[in-house]
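Heavy-atom basis, side chains included; hydrogens, waters and symmetry copies ignored. Labels below follow one simple rule: chain letters A, B, ... track the order of the sequence lines, proteins then strands, and each chain is numbered from 1.
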Amino acid sequence: MWYHKPVINEELLQSLPNLKIVASSGVGIDHLDLNLLSSHGVKASNTPFVVSTDTADLGMALMLASSRRLVEGYQMAVSRDTEYFPADWLGTEVSGATLGIVGMGTIGYKVAERAKGFEMKILYHNRNRRNKEEESAVGAIYCKKIDDLLQQSDFVLLSVNLTPQTHKLIGKRELELMKPTATLINISRGLVVDQDALVEALQNKVIKAAALDVTYPEPLPRDHPLLKLKNVIVTPHIGSATKKTRRLMMENMTESIQAGLTGLPIPNEV
Amino acid sequence: RPTIDQELLESLPNLKVIGNSGVGVDHLDLKMISNFGVKVTNTPQAVADPTADIGMALMLASARRLVEGCQTAVSPDTKYFPVDWLGVEVTRATLGIIGMGSIGYRVAQRARAFDMRILYHNRNRRRKEEEEAVGAHYCEKMEDLLQQSDFVMLVVNLTPETHKLIGKKELGLMKPTATLVNISRGAVIDQDALVEALQNKVIRAAALDVTYPEPLPRDHPLLKLSNIIITPHIGTATVQATRMMAEEAIANMLAVLNGQPIPSEV
């Protein structure tokens with residue numbers, strides 16, 4: 001399945017009594033009711049590792065595009081009304097800034113590796129602390145309390161998976177703990193952020209900007225306030241949208257399906 | 001600005017130094033200025049990081065079709081996000097850096113963190129330790145770099161030798177899947193050749209922070225192409241860099257006026 005379609009519900013499962021396996025694209029499985037599938041004897045698989053580098057790349061792309069006002073800049077460069085480029089038009093620097101990574105799994109760690117190339121100071125918050133070698137390899141400092149990370153970061157990047165614990169992880173309180181000059185970047189799931197609180201925070205300049213590859217729902221309703229704010233960039237969930245990665249995802253899904261149909265151990269079973 | 005010409009220099013007989021903000025001095029007639037006994041300084045330190053950052057930003061934005069993506073995400077006509085909408089990878093791709101000065105080297109440092117294979121072409125070869133530190137392979141012939149790169153980034157200064165360095169021939173040597181990124185000066189590229197190459201898909205895309213002139217005329221073909229991003233020369237447009245450029249320029253000018261060693265005289 002791609003992009004959460006078809007919707008896996010009781011009705012669908014009852015109409016497909018011989019269904020053996022659902023192979024889901026991407027790493028997130030928050031859209032699958034695993035208990036329901038299991039009760040029908042249907043197995044499920046995802047494509048966890050293959051999406052990691054592209055998603056980390058996109059996280060960096062969003063951070064750079066937001067801080068340097070790339071989309072606005074492009075619009076100015078091509079606009080019919082532009083007569084000259086204003087001298088006092090400025091963005092903020094990524095190099096040497098502090099990046100706080102919330103969720104230091106495979107994707108979060110790859111973001112840290114990339115950020116290190118920009119000499120960023122890296123803080124991270126995770127359910128479990130990474131080991132010393134992993135931390136020193138990227139110069140990442142563990143923040144046991146998310147509040148510490150939020151208060152010190154110029155960029156806060158969300159790369160957790162969506163679970164009941166991470167639902168609305170970033171709400172009004174967390175946004176207020178962030179610096180007024182900070183940017184929130186979300187490459188995880190829309191529901192990790194309390195969107196209404198985010199709209200308010202951006203409107204009142206509680207934080208400087210946001211860059212979101214994911215929202216809830218996708219796409220947002222066309223009249224949603226997030227689409228109207230100047231200090232937001234939204235991309236259409238393209239974290240894994242490259243030719244090579246999509247091909248690898250399909251290969252993984254095919255392998256899982258073949259194993260599922262022949263009763264062999266299923267790669268990437270969830 | 002202001003434009004430094006004969007008239008201006010004649011009207012300022014006591015002028016000792018012109019402190020240029022930024023590193024490029026292609027807009028200054030150095031011979032003429034020198035004839036008036038005036039020194040010229042620039043600010044190479046302040047510009048290096050933010051310009052390297054913009055090079056990376058443009059490469060990533062182009063590869064992942066970020067600007068198009070934003071337009072889809074906010075467009076009133078968007079009903080769903082198409083699944084078959086794809087960009088190209090940056091991680092592990094090959095980056096060819098033309099001009100491995102202090103900005104080019106910083107680009108290499110950043111690209112290495114993305115596990116990119118790095119080729120470079122420069123007037124002079126860098127030392128072995130410098131090459132190894134970023135995993136960069138020297139291409140004595142620019143053609144070799146052009147033929148192997150997925151991304152070609154221009155980081156040279158503009159001189160008579162680099163004027164129209166990238167023309168029809170060079171674009172023809174690049175892979176049809178390659179992207180050209182320019183953070184140097186617009187005149188390093190033959191713009192007409194670039195328009196043709198982009199229209200005929202000789203290369204995949206271009207991302208330019210610099211053009212000639214700036215801004216481009218509003219009816220210029222480059223502004224109409226779908227496989228190009230242009231930014232308004234914002235390589236050093238950050239709060240931090242603006243401050244640092246002012247500080248660096250002032251330090252240079254004071255050194256001249258006080259007869260001390262000049263940090264970055266041109």
Passes salt bridge (Lys or Arg N to Asp or Glu O under 4.0 Å), Asp53(B) versus Arg110(B)? Steps please. CA-CA 8 Å; Asp53(B) 285 1; Arg110(B) 283 148 181 71; 2.8 Å; yes

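- Within the model, atoms CG of Leu223(B) and OG of Ser79(A) stand 10.0 Å from one another, a figure rounded to the nearest 0.5 Å.
- In this structure, Arg130(A) forms no cation-pi arrangement with Tyr124(A), as its terminal cationic atom is not both closer than 6.0 Å to the ring centre and no more than 45° off the ring axis.
- When only modelled atom types and interatomic distance are considered, Thr98(A) and Gln152(A) share no side-chain donor-acceptor pair under 3.5 Å.
- Chosen from Thr78(B), Val90(B), Val88(B), the residue pairing most often with chain A at heavy-atom distances under 4.5 Å is Thr78(B).
- Interface remark: Ala111(B) contributes no atoms to any contact with chain A (heavy atom separation under 4.5 Å).
- Inspection of the Ser95(A) and Glu119(A) side chains reveals no N or O donor paired with an N or O acceptor under 3.5 Å.
- Judged purely by distance below 3.5 Å, without hydrogens or angles, the side chains of Thr245(A) and Thr242(A) pair a donor atom with an acceptor atom.
- Of the listed residues Glu89(B), His220(B), Gln109(B), Gln240(B), the one with more heavy-atom pairs under 4.5 angstrom with chain A than any other is Glu89(B).
- Using a 4.5 Å cut-off between heavy atoms, Trp89(A) contacts chain B through both its backbone and its side chain.
- Between chain B and the residues Met60(A), Lys116(A), Lys228(A), the largest count of heavy-atom pairs under 4.5 Å involves Met60(A).
- Looking only at atom types and distance, the side chain of Tyr84(A) has no donor-acceptor partner in the side chain of Glu214(B) under 3.5 Å away.
- With a 4.5 angstrom heavy-atom cutoff, Ile228(B) touches chain A only via backbone atoms.
- Within residues 231-238 of chain A, the residues having any heavy atom closer than 4.5 Å to a heavy atom of chain B are Ile233(A), Val234(A), Thr235(A), Pro236(A), His237(A), Ile238(A), listed by residue number.
- Your options are Leu58(A), Asp54(A), Leu227(A), and the one with the most heavy-atom pairs under 4.5 Å with chain B is Asp54(A).
- Options Arg69(A), Arg246(A), Met76(A) differ in how many heavy-atom pairs under 4.5 Å they form with chain B, and the most are formed by Arg246(A).
- Between Gln191(B) and Leu222(B), the closest side-chain pair of non-hydrogen atoms falls below 4.5 Å.
- With chain B as the partner, the residue from Met63(A), Glu113(A), Arg222(A) showing the most heavy-atom pairs under 4.5 Å is Arg222(A).
- Counting only N and O atoms by type, the side chains of Arg204(B) and Ser62(B) include a donor and acceptor under 3.5 Å apart.
- Legend: residues meeting side chain to side chain donor-acceptor pair (under 3.5 Å) with Arg185(B), ordered by chain and number and at least two apart, are Asp26(B).
- Side-chain contact annotation: Asp115(B) with Thr91(B), donor-acceptor N/O pair under 3.5 Å absent.
- Looking only at heavy-atom pairs under 4.5 Å with chain B, the residue among Leu62(A), Val71(A), Leu70(A) that has the most is Leu70(A).
- Taking His233(B), Met56(B), Arg112(B) one by one and counting their heavy-atom pairs under 4.5 Å with chain A, the maximum is reached by Met56(B).
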